[in-house]
Amino acid sequence: MKTSEAEWERVLWKAQGFEDNHIHPQYFLESLRKNPNFKPYTYWSLVFLTCAITQHVSSIFIFLGIFLRLREGSLNPRGLLWSAIGAFCVGYGCWTFLSSARTSNNRKAAVEKRKILTLKSSVLVFLALMSLSPVLRTLTAATSSDSIWALSAILFSLNILLADYSVMPANEHGQERLFSVLSVNAAVSSSVVLASRLSTDAAVFALVLCSVVAFACFPLLRRLIQGTLVAWVALTVVLSLFAVALAAYISDTFTYLCASTLVIVTFVAPGVLMWAQKFKNEIRGPWDVAVPIVD
Amino acid sequence: MERLAIAMISDFFHPGVGGVENHIYMLSTELIRRGHKVIVITHGHKPDRVGIRWLLPSLKVYYIPFIPIASSATLPNFFTSLPYLRTILLREHIQLIHAHASLSSIGHEGILHSHLMGIRTVFTDHSLFGFEDAASILTNKLLVATLKNVDAVICVSHTGRENTVLRGQLFEKDRDDPTKLSVRRNIYVIPNAIVAEQFKPRPSEPSETITIVVLSRLAYRKGIDLLVATAPRICAAFPNVRFVVGGDGPKLVDLLQMREKHLLQDRIELLGAVRHSDVLSVLSRGTIFMNTSLTESFGIAILEAACAGLYVVSTRVGGVPEILPQDMISFAEPEVDDVFRAISEAITIVAAGKHDPMMAHERVKTFYDWQQVAKRTETVYNAVIQSRQIELMERIERTMDLGPFAGPIYTIILLVDCVFFLVLEWFYPREDLDYVEHHWDDHVLAQIQPVSASRHE
């Protein structure tokens with residue numbers, strides 16, 4: 001018996017004198033590999049990566065807080081406008097500093113050119129928003145507020161789901177992936193419909209400008225900051241605390257909601273992911289589509 | 001052995017073209033030659049491939065009016081096929097159905113329904129699937145449910161069998177030690193075959209140029225990226241090498257771009273789609289066959305090329321390492337450098353005249369043969385017919401084992417199917433069926449005087 005088992009070969013072209021349903025106990029599934037690329041996560045590295053989501057969620061909470069306070073009239077639109085412009089300038093400064101540290105010398109000229117373009121387009125956006133704000137204010141006058149809340153909730157969920165939380169831009173040209181473009185669009189549309197619930201043109205303008213800064217410009221900056229540990233953690237803490245503080249002005253429920261969401265996203269979710277990792281069962285074998293190595 | 005009435009069920013059959021279609025036709029033909037009665041059940045093709053057709057030699061094909069959704073596969077309907085299948089299987093006095101291909105839902109439905117009429121089931125899996133992407137996960141779920149209650153499974157290669165066993169969860173409790181799981185005993189490996197006479201090498205004048213033939217669908221899974229990356233390097237390293245590429249597909253653009261970029265228009269010939277009848281004439285233009293597939297269950301194209309006397313270079317994927325002896329094929333890992341190395345070796349071997357096409361043909365002829373395949377399949381049929389039919393209760397238990405969600409769903413499908421069958425039995429009783437009394441008989445045909453002859457008198 002032993003010798004005949006040894007004679008079996010894993011070939012089809014010759015008759016080997018075995019039944020067709022013969023299963024060789026040693027060779028059968030010998031090349032099966034389970035979880036070959038398994039890397040157990042460490043908790044703190046996951047928390048570090050999750051900070052991107054925390055920051056994004058806090059920026060949405062901050063935005064909602066600003067909106068609610070504008071609506072009840074306890075926030076001056078002019079002050080908000082200036083702080084949004086200030087935040088943009090500070091952020092732009094950081095962005096220029098960080099990206100110039102990364103680019104090599106021979107691309108400096110291109111970067112300079114892009115700076116002027118960026119400045120031009122931001123002024124354009126500014127003016128366009130200013131002229132459009134009366135239109136935006138009355139845009140959904142005929143729609144009931146309940147529909148607006150539901151719509152903006154859906155759009156913000158879409159924004160959170162599709163946002164790009166990865167470290168570096170998708171490719172070297174800095175082009176965005178389709179999902180992150182969709183995500184930004186969802187957030188801006190959501191803020192536009194929310195802004196239409198406000199009563200003055202100045203408030204609408206300030207809120208939409210806020211949303212452009214928070215949802216279109218901030219994610220670009222966020223990626224660059226992720227390289228430095230201290231700044232990354234500090235930014236997360238500052239944003240979360242700001243979100244909670246702003247929520248505390250509005251209502252207790254909103255505060256609890258905001259705080260618990262941030263804690264769950266930052267600390268509980270990575271734990272859940274680590275726990276779920278033990279159910280990982282990846283099966284690999286010769287039947288998989290090979291990945292061609294083409295240089 | 002006794003004469004069996006067999007129904008082949010698959011979505012993939014003539015007029016579609018492909019490996020499964022050819023396999024079913026060749027197997028049916030050989031089984032008919034061995035004295036069995038064989039019919040084929042498939043879905044209709046617009047505009048006029050409907051109803052019942054006959055194919056040579058005396059193969060009856062039922063085209064059921066189902067509409068294919070994508071690449072000739074129909075939607076999994078579960079129940080809608082029962083009235084058609086019941087009538088066909090009963091009127092043809094079928095004893096055993098043989099379903100083909102895991103993407104053919106009509107085959108799965110055949111397996112689901114046939115136990116109601118006491119018909120036994122065999123399933124042949126022709127392809128390899130992964131476990132990761134959404135499409136594989138869905139089809140694997142369907143496959144698991146079907147294979148729970150099938151009487152025997154046939155796979156075309158050893159790698160294919162391992163894959164099917166894992167995908168279909170074909171394990172059962174060990175007979176000696178009930179705590180352990182072992183692979184079910186009714187899973188067979190029976191390879192494909194080729195008609196060697198159709199691939200006789202054509203003698204060619206000896207020449208300095210070496211032609212490399214590539215015949216494949218130009219798609220990602222066929223590794224055309226590797227071809228695109230290696231072909232310019234080979235052309236640069238060997239000035240006497242030419243390429244002939246047959247096939248069409250989405251990657252054709254990449255090939256055209258590569259040819260243009262490296263100015264190889266006179267050395268790489270692109271033929272476009274090649275009909276199966278022209279394969280030999282394309283193959284016989286070359287001396288080396290190059291296959292860069294990233295996944296392959298059996299690789300019939302490689303076999304055809306080897307049979308036509310070409311030296312084969314292939315990537316080491318799927319079931320390819322099993323089909324030919326080491327000295328007829330060179331393997332490469334799916335990497336550009338390694339493919340280049342393997343091709344260079346093959347060119348050296350061929351240039352030195354160490355590869356004799358006629359001898360290769362004679363050898364391959366002895367390896368694979370449809371008669372052998374039919375004989376081995378017949379053994380499987382015999383074992384199935386002699387085995388015990390799975391009772392309904394056992395079927396339900398096995399189906400419930402599928403899992404907390406899939407189990408109850410499939411059990412409900414199984415039970416509803418039984419009820420539907422009873423309704424059909426009542427609504428359309430067996431006595432009213434139009435049974436087939438006569439099958440094709442060559443002797444009767446031979447005795448009848450041809451009409452043209454009688455007219456001349």
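Side-chain rings of His24(A) and Phe18(A) stay apart, their centers remaining 6.0 Å or farther from each other. His56(A) and Tyr165(A) have their aromatic ring centers within a separation under 6.0 angstrom.
Interface residue Val165(B): only side-chain heavy atoms are found under 4.5 Å from chain A. With a 4.5 angstrom heavy-atom cutoff, Leu166(B) touches chain A only via side-chain atoms. Of the atoms belonging to Ile190(B), it is side-chain heavy atoms, and not backbone ones, that fall under 4.5 Å from chain A. Arg221(B) touches chain A through its side chain: at least one heavy atom from C-beta onward sits under 4.5 Å away, while N, CA, C and O do not. For Tyr220(B), the part lying under 4.5 angstrom from a heavy atom of chain A is the side chain only. Within the 4.5 angstrom heavy-atom criterion, no atom of Arg363(B) approaches chain A.
A salt bridge links Lys222(B) with Glu296(B): the distance from a Lys NZ or Arg NE/NH1/NH2 to an Asp or Glu carboxylate oxygen falls below 4.0 Å.
Heavy-atom pairs under 4.5 Å with chain A peak, among Val317(B), Ile323(B), Leu303(B), at Ile323(B). Each of Asp338(B), Thr292(B), Leu226(B) has some count of heavy-atom pairs under 4.5 Å with chain A, and the biggest count is that of Leu226(B).
Among the candidates Glu322(B), Glu333(B), Glu335(B), the single residue satisfying the salt bridge (charged side-chain N to carboxylate O under 4.0 Å, His left out) test with Arg316(B) is Glu333(B).
Scanning for side chain to side chain contact (heavy atoms under 4.5 Å, CB included) contacts around Glu132(B) gives Glu282(A), Arg284(A), with sequence neighbours left out.
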